[in-house]
Amino acid sequence: MKKMLLLNGPNLNLLGLREPEQYGRTTLADVEAMCQDAAKRLGVELECFQSNWEGALIDKIHDYGRLFKAGQAVGAVFNPGAFTHTSVALHDAIKGVDGLPVIEIHISNVHARESFRHHSYVSPAAAGIVVGFGVQGYLLAMEGLMRKQAQG
Ligand code: CA2
């Protein structure tokens with residue numbers, strides 16, 4: 001069975017515990033459990049990883065770049081958190097692994113928020129983007145990644 005990566009960036013470990021008006025009351029553990037259920041339905045093995053460290057996220061992207069090249073992974077669903085708006089290094093990591101499909105997802109509609117959230121360094125390197133659907137967006141992103149894979 002091929003692997004899929006569910007990657008979450010900084011502060012997403014606080015999901016459901018703070019700022020419920022912005023991000024809802026679902027915790028990261030709930031999201032990961034929901035995505036594990038979806039993975040069973042989609043026929044992939046899901047690895048969930050969250051880090052507050054940019055380098056750890058980059059290392060995971062590199063790992064999955066290798067797995068994708070070897071035909072052992074379908075791609076990644078990635079919420080880069082605030083690194084979305086700051087990280088040339090994440091942009092370069094996705095571009096650098098050359099071919100790994102990455103679906104960028106944001107829980108909130110970043111375009112309806114502060115202007116500093118309107119720009120994403122990740123989007124130009126992403127295969128698709130899901131924004132503003134709450135935590136259901138993770139499922140839409142997984143579904144979209146599978147459909148892209150089926151398209152070849
Ligand atoms: O809407 C999203 O998914 C974001 O990626 C979430 C990031 C934010 O910086 C992006 O602009 C949009 C923040 C993730 C931190 O989440 C928290 C959850 C609860 C309490 C505090 C932060």
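Whatever order the structure lists ligands and atoms in, that order sets their numbers, starting from 1. The basis for the numbers below is simple: all heavy atoms, side chains too, and nothing from hydrogens, waters or symmetry mates.
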Aromatic centroids of H62 and Y64 separated by under 6.0 Å: no

Check step by step if side-chain contact (heavy atoms from CB on, under 4.5 Å) holds for C35 and L139. CA-CA 6 Å; C35 291; L139 301 178; 4.3 Å; yes

With heavy-atom distances below 4.5 Å as the criterion, would you say the side chains of T26 and Y138 are in contact? no

Test salt bridge (Lys or Arg N to Asp or Glu O under 4.0 Å) on R41 and E143 and set out the steps. CA-CA 10 Å; R41 187 169 43 80; E143 193 87 41; 3.7 Å; yes

Is there any protein N/O under 3.5 Å from an N/O of ligand 1, and what does the full list of such pairs look like?
{"from": "ligand 1", "atom 1": "1 (O)", "to": "I107", "atom 2": "N", "distance (Å)": "3.3"}
{"from": "ligand 1", "atom 1": "1 (O)", "to": "S108", "atom 2": "N", "distance (Å)": "2.9"}
{"from": "ligand 1", "atom 1": "1 (O)", "to": "S108", "atom 2": "OG", "distance (Å)": "2.6"}
{"from": "ligand 1", "atom 1": "3 (O)", "to": "N79", "atom 2": "ND2", "distance (Å)": "2.8"}
{"from": "ligand 1", "atom 1": "3 (O)", "to": "I107", "atom 2": "N", "distance (Å)": "2.7"}
{"from": "ligand 1", "atom 1": "5 (O)", "to": "N79", "atom 2": "OD1", "distance (Å)": "2.9"}
{"from": "ligand 1", "atom 1": "5 (O)", "to": "H106", "atom 2": "ND1", "distance (Å)": "2.9"}
{"from": "ligand 1", "atom 1": "9 (O)", "to": "A82", "atom 2": "N", "distance (Å)": "3.4"}
{"from": "ligand 1", "atom 1": "9 (O)", "to": "R117", "atom 2": "NH1", "distance (Å)": "3.0"}
{"from": "ligand 1", "atom 1": "11 (O)", "to": "H85", "atom 2": "NE2", "distance (Å)": "2.7"}
{"from": "ligand 1", "atom 1": "11 (O)", "to": "R117", "atom 2": "NH1", "distance (Å)": "2.9"}

CG of L12 to OG1 of T27, rounded to nearest 0.5 Å, is 12.0 Å

Are P10 and W53 packed together at the side-chain level, in the sense that at least one heavy-atom pair is separated by less than 4.5 angstrom? no

